[in-house]
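To start, the structure itself, in structure tokens.
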Amino acid sequence: MTVGVPGWIRTNLFSSPLDGVITIVLAVIIAIGAFNAVNWVFFTASWEVITSRVPLYVIGRYPQDLYWRPETALLLVSVLLGMGWRMWGGLARGFAIAIIIITLLAGVLPYLGVDLSPPTDPDAPPNEPKHLVNAMFILNFVAVAVGYGLAMIPSIGRAKTFFITAVVFFIISAFLIIGSSYIPGLDPVPTQDLGGLTLNLLLAAVGIVCSIPIGIALALGRRSQLPFLKYFCVGFIEIVRGVPLITLLFMSRHILPLTFPETVSIDELYLAMITITLFSSAYMAENVRGGMAAVATGQTEAARALGLRAWQTTIMITLPQGLRNIIPAIVGQSIGLFKDTSLVFIIGMLDLVEMGRVTIQGNLDFVDDGHEVYIFIAVVFWVFTSSMSYVSRRIETALGVGRR
Amino acid sequence: MIQDAVEQSITITDPNIRNVPLEERDDIIVCENVFKWFGNFCAINDVSMNVKRGEVVVIFGPSGSGKSTFIRMINRLEEHQKGKIVVDGIEMTNDLRNLDAIRREVGMVFQQFNLFPHMSVLGNITLAPQRVRHMPKAEAEELGMQLLERVGIPEQAEKYPAELSGGQQQRVAIARALAMQPVIMLFDEPTSALDPEMIKEVLDVMRELADTGMTMLCVTHEMGFAREVADRMAMFDEGQLVELGTPDQMFNNPAEERTQLFLDQIL
């Protein structure tokens, strides 16, 4: 009989002499590895290269006097999280609390003498706390509360309103962060100054949000009876899917402009957005096509028997069910695209990974080999991607994907 | 106002037609020498059959005999390749206008219900009236509720199909088809996917529907229903219409040996 922990250990780890030897050898190896890892993390590693460069990793060399713009975007995110907290609780609550804690720390630490971006010149005077920047960080808990309160109004606290608000806030945020020469008071930020994690998130969000409608259009085009439309879509999808993103980015920067008139030049940021969106659209189109193909034929037959036309059947019956089928695939693609955004270094943009590489090279005096930086970056990416897949699983359960 | 309009449209068929002898009624479906092949397989082999207005025809036969294919040709879910099909005076051709007109006249109920899972029960019913007949939303919902009452489940209007039992789903499917105010209803094994205790509730709805003067083609092996409700029965085998006759003839004195054999097996 095997009872309790000793019993489990005996049957699973020491059931024969050979098993016992293997168990002990492996235990020693694991223990040495764990000891070394802990020792490195807490005693050997120098995390200062990260703690003293936080703004660089978060948002690149974004002008400090314009920090209110990304901070306003962050407030909008907090409002959404507040709404989500009220509407779904659970994970949204977790995110909301996390953002409140992080922003409170960011806002309060400067007054406690912790400077997250000290001047690089040792002789320069230390930074004064910037009251507006810090106050806006601290205000995030108010934004969460506002969102929570808004969602208590029945007409606002609905999934449809939430998604419309999210899209509107997303567009406002993108304009706030990037700026536009057409909007007074929102001067464009030089592309070279926009970087870090914000750039990864911005590119991934633009790519996914814009590629959903384009991907649907391509998928419908591929199913079309019109030969020109059909083969255009097939050609686009197959060519784009057949080429690595890094190659597409490189071509967009160095080869495509050869076809432009000399007076026309497109900013790298927009080239990256367009390229990533088109790249993602090709994959999205195949997801959508698969999702629609998985809808039972009985659905189409029932719709046709009711007298709905082919396009009505597609729009009202096949497409909504197809999209519901592919929510996991869309999230999977979002995760992949988020990680792929680090490839924009090829056109000279300073995303989180490239920023890490640059800081290592620029600080060789107090960085050995920069392991700390890459571990930090890996953890940041992992936190975001694993949250995304957790959200996806929750949505799947809520929508009953996989159940009929 | 809305009430009256709905009341009028819901009773598009005439219950009195059940009192008129079959010979004196007009043909609502005419099939002449119809053929259909799937590749080399001849699914429908030279079938000719006329259905009278208000008639209830039960179609039966072994599986793979072409009975489902046959009724699916009446609203062109399957295309016939040879012969002629005329539904309520409209010939079945590739002309889309004819096809639209026929699909408005003919309702269909499927073995697997085929309700739209992403829409509420009422949404399922009101979709086609709004989108095809361009009925205002309020009127469509009024009609939907009346139909749900007719099939006995008005309290389920806001639920989603997955929350309903099989029998309830099939009754919603019948209401959905009726919402287009068809003059012909096709039933493709409407009770085959149901648990035994739910079969009766669906057959009851079909029985009431027959009493309203609706023309009905039912593929079913519910022989009690056939004996009680059908005006005529059609036996299909290997794509052919083997025998067509009243239930009395079929059950007591079938002309064909194949009919006798099949009925012996299932009764």
Side-chain angles (χ1 to χ4, degrees), chain A residues 154-155 157-160 162-163 212 216 219-220 223-226 287-330 395-404, chain B residues 68 71-79 96-119 123-135 160-163 169-170 172-182 184-188 193:
Chain A
S155 59
R158 287 184 302 179
K160 199 174 170 185
F162 180 86
F163 286 115
I212 289 175
I216 290 172
L220 295 181
R223 289 163 60 107
S224 160
Q225 310 278 342
L226 305 170
N287 283 338
V288 172
R289 191 171 69 100
M292 288 173 73
V295 175
T297 49
Q299 293 289 312
T300 322
E301 286 182 353
R304 284 169 58 207
L306 283 169
L308 293 174
R309 289 171 184 274
W311 66 268
Q312 288 177 314
T313 306
T314 304
I315 301 288
M316 296 168 202
I317 309 299
T318 332
L319 189 58
Q321 294 186 54
L323 289 180
R324 211 176 80 153
N325 289 343
I326 60 163
I327 287 172
I330 291 179
I395 297 175
E396 281 169 45
T397 319
L399 285 178
V401 177
R403 285 189 284 125
R404 293 270 171 202
Chain B
S68 281
I71 70 163
R72 286 159 61 87
M73 291 194 311
I74 307 298
N75 68 351
R76 212 175 182 75
L77 285 182
E78 304 288 356
E79 214 169 300
L96 280 177
R97 274 168 308 176
N98 281 8
L99 187 59
D100 282 346
I102 287 171
R103 291 222 170 114
R104 275 199 292 269
E105 305 263 306
V106 182
M108 183 152 191
V109 174
F110 300 86
Q111 181 178 6
Q112 297 297 339
F113 328 137
N114 293 349
L115 293 178
F116 305 131
H118 59 303
M119 296 179 186
N124 265 277
I125 299 175
T126 56
L127 176 73
Q130 287 186 73
R131 301 298 175 171
V132 181
R133 288 204 189 273
H134 306 291
M135 194 185 271
Y160 282 81
E163 300 172 89
Q169 289 192 47
Q170 194 59 298
V172 172
I174 295 173
R176 178 176 72 175
L178 290 177
M180 284 299 287
Q181 297 138 18
I184 301 168
M185 284 284 281
L186 309 174
F187 292 85
D188 189 0

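Just so you know, these numbers use all the heavy atoms, side chains as well, and skip hydrogens, waters and symmetry mates. Given the structure is predicted, the values throughout are model-derived calculations rather than measurements. Just so we're on the same page: letters track the sequence lines, and every chain starts at 1.
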Checklist entry - How many angstroms lie between atom CG of B:Leu178 and atom CE of B:Met185, to the nearest 0.5 angstrom? => result 4.0 Å

Checklist outcome for this item: Rounding to 0.5 Å, atoms CD (B:Gln169) and CG (B:Asn114) come to a distance of 10.5 Å

Checklist entry - If you tally heavy-atom pairs under 4.5 Å against chain A, which of B:Arg72, B:Gln111, B:Gln112, B:Met108 wins? => result B:Arg72

Checklist entry - Atom CE of A:Met316 and atom OG1 of A:Thr313: how far apart are they, to the nearest 0.5 Å? => result 8.5 Å

Next on the checklist: I'd like to verify something: which residue of B:Met119, B:Met180, B:Arg131 has the highest number of heavy-atom pairs under 4.5 Å with chain A?
Outcome noted: B:Arg131

Checklist outcome for this item: Interatomic distance, CD1@A:Ile326 vs CD@A:Gln321, rounded to 0.5 Å, equals 13.0 Å

Next on the checklist: Quick one, B:Val109 and B:Gln170 - any side-chain contact, counting heavy atoms below 4.5 Å?
Outcome noted: yes

Checklist entry - How about B:Pro161 and B:Val172: do any of their side-chain heavy atoms sit closer than 4.5 Å? => result no

Item to check | Nearest-0.5 Å distance, CD1 of residue A:Ile216 to OG1 of residue A:Thr314 | outcome: 12.0 Å

Next on the checklist: Measuring from atom CD1 of A:Ile330 to atom CD1 of A:Ile212, what distance do you get when rounded to the nearest 0.5 angstrom?
Outcome noted: 4.5 Å

Item to check | Under 4.5 Å from any heavy atom of chain A - which part of B:Phe110 | outcome: side chain

Checklist entry - Does anything in residues 297-304 of chain A get under 4.5 Å of chain B by heavy atoms, and if so which residues? => result A:Gly298, A:Gln299, A:Glu301, A:Ala302, A:Ala303, A:Arg304

Checklist outcome for this item: Okay, B:Arg133 and chain A: the region with an atom under 4.5 Å from a heavy atom over there is neither

Checklist entry - Taking every heavy-atom pair that is under 4.5 Å apart, which of B:Ile102, B:Leu186, B:Asp100, B:Asn75 has the most such pairs with chain A? => result B:Asp100

